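Here's the structure we're looking at; comments come further down.
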Amino acid sequence: ASRRAAASATAAGRTADLAGGAVRCLAADPAGDRLVVGLAGGSIASLSLPDLTPGPRLENAHPGGVEYLALSPDGRLLATGGADHRAVLR
């Protein structure tokens with residue numbers, strides 16, 4: 001596992017720096033306009049596509065890190081799983 005203090009996500013030559021540890025998982029919105037990122041530090045970040053503009057962020061979503069992300073087909077519901085052995089619908 002990475003010990004970096006910040007993670008990066010890259011799309012079409014663009015980079016976004018995300019505080020909160022290494023990227024553990026990604027989920028793309030079915031409409032293709034948002035990327036949700038689960039971080040090793042336990043936070044969940046969102047980035048708009050294609051420019052990777054930071055959007056809403058949820059700190060301390062899963063102590064020990066976010067391990068799984070899935071978006072519903074309409075993109076309105078986010079399911080997360082973490083190192084804390086919890087599954088949460090958000």
Side-chain angles (χ1 to χ4, degrees):
S2 175
R3 294 178 188 237
R4 293 178 26 194
S8 293
T10 303
R14 295 178 178 91
T15 300
D17 290 321
L18 304 169
V23 172
R24 282 239 176 111
C25 49
L26 301 169
D29 183 288
D33 59 0
R34 178 176 52 142
L35 184 65
V36 182
V37 182
L39 301 170
S43 298
I44 298 170
S46 66
L47 302 166
S48 64
L49 295 174
D51 59 357
L52 298 179
T53 300
R57 183 181 176 105
L58 178 61
E59 300 293 336
N60 303 312
H62 289 281
V66 180
E67 296 182 353
Y68 305 99
L69 295 172
L71 283 161
S72 63
D74 64 4
R76 293 175 50 174
L77 185 63
L78 175 66
T80 67
D84 57 358
H85 304 283
R86 293 184 311 130
V88 180
L89 296 176
R90 304 175 189 277

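Note that the structure is predicted; figures quoted are calculated from it, not measured.
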Do you know which two heavy atoms are closest between [X] and [Y], and how far apart they sit?
| X | Y | result |
| --- | --- | --- |
| Leu69 | Val37 | CD1-C, 3.7 Å |
| Ala45 | Leu18 | CB-CD2, 4.3 Å |
| Leu39 | Ala19 | CD1-O, 3.4 Å |
| Gly75 | Pro30 | CA-CD, 4.0 Å |
| Pro56 | Ser46 | O-OG, 2.9 Å |
| Val36 | Leu78 | CG1-CD2, 4.1 Å |

Residues which pass side chain to side chain donor-acceptor pair (under 3.5 Å) with [X], listed by chain and number, not counting sequence neighbours:
| X | answer |
| --- | --- |
| Glu59 | Ser43, Arg57 |
| Asp84 | His62, Arg86 |
| Asp51 | Ser48, Thr53 |

- Message: Distance check, rounded to the nearest 0.5 Å: Thr80 atom OG1 versus Ile44 atom CD1?
- Response: 4.5 Å
- Query: Atom CG of Leu71 and atom CG of Leu35: how far apart are they, to the nearest 0.5 Å?
  - Reply: 9.5 Å
- Does the Arg90 side chain pair with the main chain of Leu58, one donor and one acceptor, at a distance under 3.5 Å? no
- Message: Quick check: is Leu26 connected to Leu47 through a chain of hydrophobic side chains (ILVMFWY, heavy atoms under 4.5 Å apart)?
- Response: yes
